[in-house]
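Reviewing the structure listed below.
Order of the sequence lines sets the chain letters (A, B, ...), proteins ahead of strands, with each chain counted from 1.
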Amino acid sequence: METVFTPWQSLSGGVLIGVASILLMATLGRIMGATGILSGLLSPSSTSDFGWRAAVLLGMVSGPVAVMVVTGQMPVIQVPTPTTMLAVGGFLVGIGVTFGSGCTSGHGVCGMARLSARSFAATITFMLTTGITVYVVRHVLGG
Amino acid sequence: MRLIVSYISGLIFGIGISISGMANPAKVLNFFDVAGTWDPSLIFVMGGALMVTFVGYRFVLHRPAPTFEETFKLPASNELDLPLIGGSAVFGIGWGIAGFCPGGALPALGTGRSEVIIFTIALVSGIFAAKGLQRLSATKAASV
């Protein structure tokens with residue numbers, strides 16, 4: 001499935017992700033990592049711990065709705081993945097980010113931004129295995 | 001106030017993810033498909049996010065404490081251990097199969113698309129399974 005190269009849109013989206021990460025660190029002293037926020041929400045340490053995590057998640061979910069209100073269109077989501085593979089992939093992502101303590105936002109943005117060696121190692125690792133997996137799925141197994 | 005800034009941070013993040021293309025599996029997978037239908041857009045997402053955060057963190061982490069808390073909650077470990085590398089490798093395999101990562105999928109829940117819901121249920125199951133495994137190995141280690 002072909003997609004259109006969108007450097008400016010992607011760059012401005014990236015800048016906003018950065019702004020959000022700075023804001024959460026400046027106010028609550030927390031890493032804007034989707035894994036960490038979700039994982040803590042599933043087993044919160046206290047009511048106030050649950051509160052801020054739920055508020056961040058609610059904000060995230062409002063994102064596409066805000067985009068629709070402004071532009072009149074929901075963000076484009078094209079899913080070339082069969083349903084079974086979505087479930088298998090999702091389960092593996094859940095296992096991986098829990099043991100790996102983070103994902104693209106936590107390690108790839110926040111962790112690398114504070115020059116964490118763990119985050120550099122994690123990001124290099126998952127970028128490599130994602131690339132290899134996409135190659136195998138699309139060019140070895142078929143596609 | 002804590003809840004309001006949390007919500008606003010999440011909202012800005014969610015808008016950023018939405019317009020960047022990170023919530024779109026076709027775009028994410030094409031970024032990695034250098035040998036096929038390559039779409040380099042995502043380098044601009046990560047590059048933009050990383051540069052802005054890098055500069056912003058310099059100022060923020062220079063302060064003694066965040067506005068509404070007593071300390072910054074930063075991971076203390078520096079160890080490059082097996083769970084970090086192995087877990088990240090498994091995350092990448094799952095990401096390459098599904099096309100969604102957690103940061104892309106959570107905001108995308110707002111679109112109400114069934115694919116996102118299926119992925120997120122599987123993601124949450126995986127998180128619980130891994131937490132169960134971690135508890136199990138912790139109990140084993142304690143009883144040895």
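Contacts between A/Ile132 and chain B at a heavy-atom distance below 4.5 Å are absent for every atom of the residue. With a threshold of 4.5 angstrom between heavy atoms, A/Ser43 approaches chain B through its backbone and through its side chain. Using a 4.5 Å cut-off between heavy atoms, B/Phe59 does not touch chain A at all. Heavy atoms closer than 4.5 Å to chain A are found in both the backbone and the side chain of B/Ser77. Contacts of A/Ala26 with chain B are made by both backbone and side-chain atoms, with heavy-atom separations under 4.5 Å. In this structure, no portion of A/Val136 lies under 4.5 Å from any heavy atom of chain B. In this structure, chain A has heavy atoms under 4.5 Å from both the backbone and the side chain of B/Val52. For A/Met85, the parts sitting under 4.5 Å from any heavy atom of chain B are the backbone and the side chain alike. For B/Met1, no part lies near chain A; criterion is any non-hydrogen pair under 4.5 Å. For A/Pro80, the part sitting under 4.5 Å from any heavy atom of chain B is the side chain, from C-beta outward, and nothing else. At a 4.5 Å heavy-atom cutoff, the contact between A/Thr81 and chain B is made by side-chain atoms alone. Within the 4.5 angstrom heavy-atom criterion, atoms from both the backbone and the side chain of A/Met127 approach chain B. Contacts of A/Ser116 with chain B are absent, with no heavy-atom separation under 4.5 Å from either backbone or side chain.
Rounding to the nearest 0.5 Å places CG of B/Asp33 at 4.5 Å from CZ of A/Arg138. Taken to the nearest 0.5 Å, the OG1 atom of A/Thr84 stands 11.5 Å off from the CD1 atom of B/Ile97. Rounded to the nearest 0.5 angstrom, A/Thr3 OG1 and B/Asp39 CG are separated by 3.5 Å. Distance check: A/Thr35 OG1 to B/Leu123 CG gives 7.0 Å after rounding to the nearest 0.5 Å. The structure places CE of A/Met74 at 6.0 Å from OG1 of B/Thr111, a figure rounded to the nearest 0.5 Å. Here the CG-CD1 distance, from B/Leu61 to A/Ile22, works out to 10.0 Å after rounding to the nearest 0.5 Å.
For the pair B/Ala130 and A/Gly94, the tightest heavy-atom approach, listed with the atom from each and the gap, is CB-O, 4.4 Å. In plain terms, the two heavy atoms of B/Thr53 and A/Ala113 that are nearest each other are CG2-CB, 3.6 Å.
When the options A/Ile37, A/Leu38, A/Val61, A/Val56 are evaluated for a side-chain contact (heavy atoms from CB on, under 4.5 Å) with B/Leu106, the one that passes is A/Leu38. In summary, of the residues considered (B/Ile12, B/Ile17, B/Val45), a side-chain contact (heavy atoms from CB on, under 4.5 Å) with A/Leu16 occurs for B/Ile12 alone.
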Take A/Leu58 and B/Tyr7, measure what side-chain contact (heavy atoms from CB on, under 4.5 Å) needs, and give me the verdict at the end.
CA-CA 7 Å; A/Leu58 201 65; B/Tyr7 179 81; 4.1 Å; yes

Starting from the C-alpha separation in whole Å, work towards a yes-or-no answer on side-chain contact (heavy atoms from CB on, under 4.5 Å) for B/Leu109 and A/Met60.
CA-CA 9 Å; B/Leu109 281 172; A/Met60 286 183 180; over 6 Å; no

Determine, step by step, whether B/Arg113 and A/Val79 satisfy the side-chain contact (heavy atoms from CB on, under 4.5 Å) criterion, reporting the C-alpha distance in whole Å, the side-chain angles of both residues, the deciding distance to 0.1 Å, and the verdict.
CA-CA 10 Å; B/Arg113 289 279 293 265; A/Val79 187; 4.2 Å; yes

Take B/Lys27 and A/Thr6, measure what side-chain hydrogen bond (donor to acceptor under 3.5 Å, both in side chains) needs, and give me the verdict at the end.
CA-CA 10 Å; B/Lys27 223 168 158 56; A/Thr6 53; 3.1 Å; yes

side-chain contact (heavy atoms from CB on, under 4.5 Å) between A/Val15 and B/Met51: does it pass, once the steps are laid out?
CA-CA 8 Å; A/Val15 167; B/Met51 273 191 295; over 6 Å; no

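Of the listed residues (B/Pro102, B/Ala129, B/Gly103, B/Gly104), the one with the most heavy-atom contacts under 4.5 Å to chain A is B/Pro102. If you tally non-hydrogen atom pairs under 4.5 Å between each of A/Gly14, A/Ser119, A/Ser62, A/Ala66 and chain B, the highest count goes to A/Gly14. Top candidate by heavy-atom pairs under 4.5 Å with chain B, chosen from A/Ala54, A/Gly111, A/Ala121, A/Ser12, is A/Ala121. Of the listed residues B/Ala98, B/Gly48, B/Gly47, the one with more heavy-atom pairs under 4.5 angstrom with chain A than any other is B/Ala98. Between chain A and the options B/Thr120, B/Ile8, B/Ile85, B/Leu84, heavy-atom pairs under 4.5 Å are most frequent for B/Leu84. Chain A forms the most heavy-atom pairs under 4.5 Å with one residue out of B/Ser20, B/Gly99, B/Gly14, and that residue is B/Ser20. Note on A/Val88, A/Leu42, A/Thr71, A/Val67: by heavy-atom pairs under 4.5 Å with chain B, the leading option is A/Leu42. Among A/Cys103, A/Gly96, A/Gly33, A/Gly59, the residue with the largest count of heavy-atom pairs under 4.5 Å with chain B is A/Gly59. Considering only heavy-atom pairs separated by less than 4.5 Å from chain B, the leading option among A/Gly100, A/Gly90, A/Ala34, A/Gly18 is A/Gly90. When the candidates A/Gly51, A/Ala117, A/Ala122, A/Ser105 are compared by the number of heavy-atom contacts under 4.5 Å with chain B, A/Ala122 comes out ahead. By number of non-hydrogen pairs under 4.5 angstrom with chain A, the leading residue of B/Ala105, B/Cys101, B/Gly96 is B/Gly96. Of the listed residues (B/Ser88, B/Pro25, B/Ala89), the greatest number of heavy-atom pairs within a distance under 4.5 Å of chain A belongs to B/Ser88.
Partners of B/Phe44 under the ring-ring contact (aromatic ring centres under 6.0 Å, His included) rule, at least two apart in sequence or in another chain, are A/Phe5.
Side-chain N or O atoms of A/Arg114 include none that pairs as donor or acceptor with a backbone N or O of B/Phe54 at under 3.5 Å. Under the 3.5 Å distance criterion, the side-chain polar atoms of B/Asn30 are matched with a main-chain donor or acceptor of A/Met1.
Under the 4.5 Å side-chain contact rule for hydrophobic residues, A/Val19 and B/Ile4 share a cluster. A/Val76 and A/Val70 are members of different hydrophobic clusters when ILVMFWY side chains are connected at heavy-atom separations under 4.5 Å. Following chains of ILVMFWY side-chain contacts shorter than 4.5 Å, one cannot reach A/Val109 starting from A/Val97, and the two form parts of different hydrophobic clusters. A continuous path of ILVMFWY side-chain contacts below 4.5 Å connects B/Val5 to A/Phe50, so both sit in one hydrophobic cluster.
Considering only heavy atoms from C-beta on, B/Arg2 comes within 4.5 Å of A/Ser48 through its side chain. Side-chain contact between B/Leu74 and A/Met25 is present, with at least one heavy-atom pair separated by less than 4.5 Å.
A ring-ring contact (aromatic ring centres under 6.0 Å, His included) check over residues 82-111 of chain B, counting only residues at least two apart or in different chains, returns the pairs A/Phe126-B/Phe91, B/Phe32-B/Trp95, B/Phe91-B/Trp95, B/Phe100-B/Phe119.
Side-chain N/O atoms of B/Lys131 and A/Thr98 include no donor and acceptor closer than 3.5 Å. A/Ser21 and B/Tyr57 form no side-chain donor-acceptor contact under 3.5 Å, judged by distance and modelled atom types alone.
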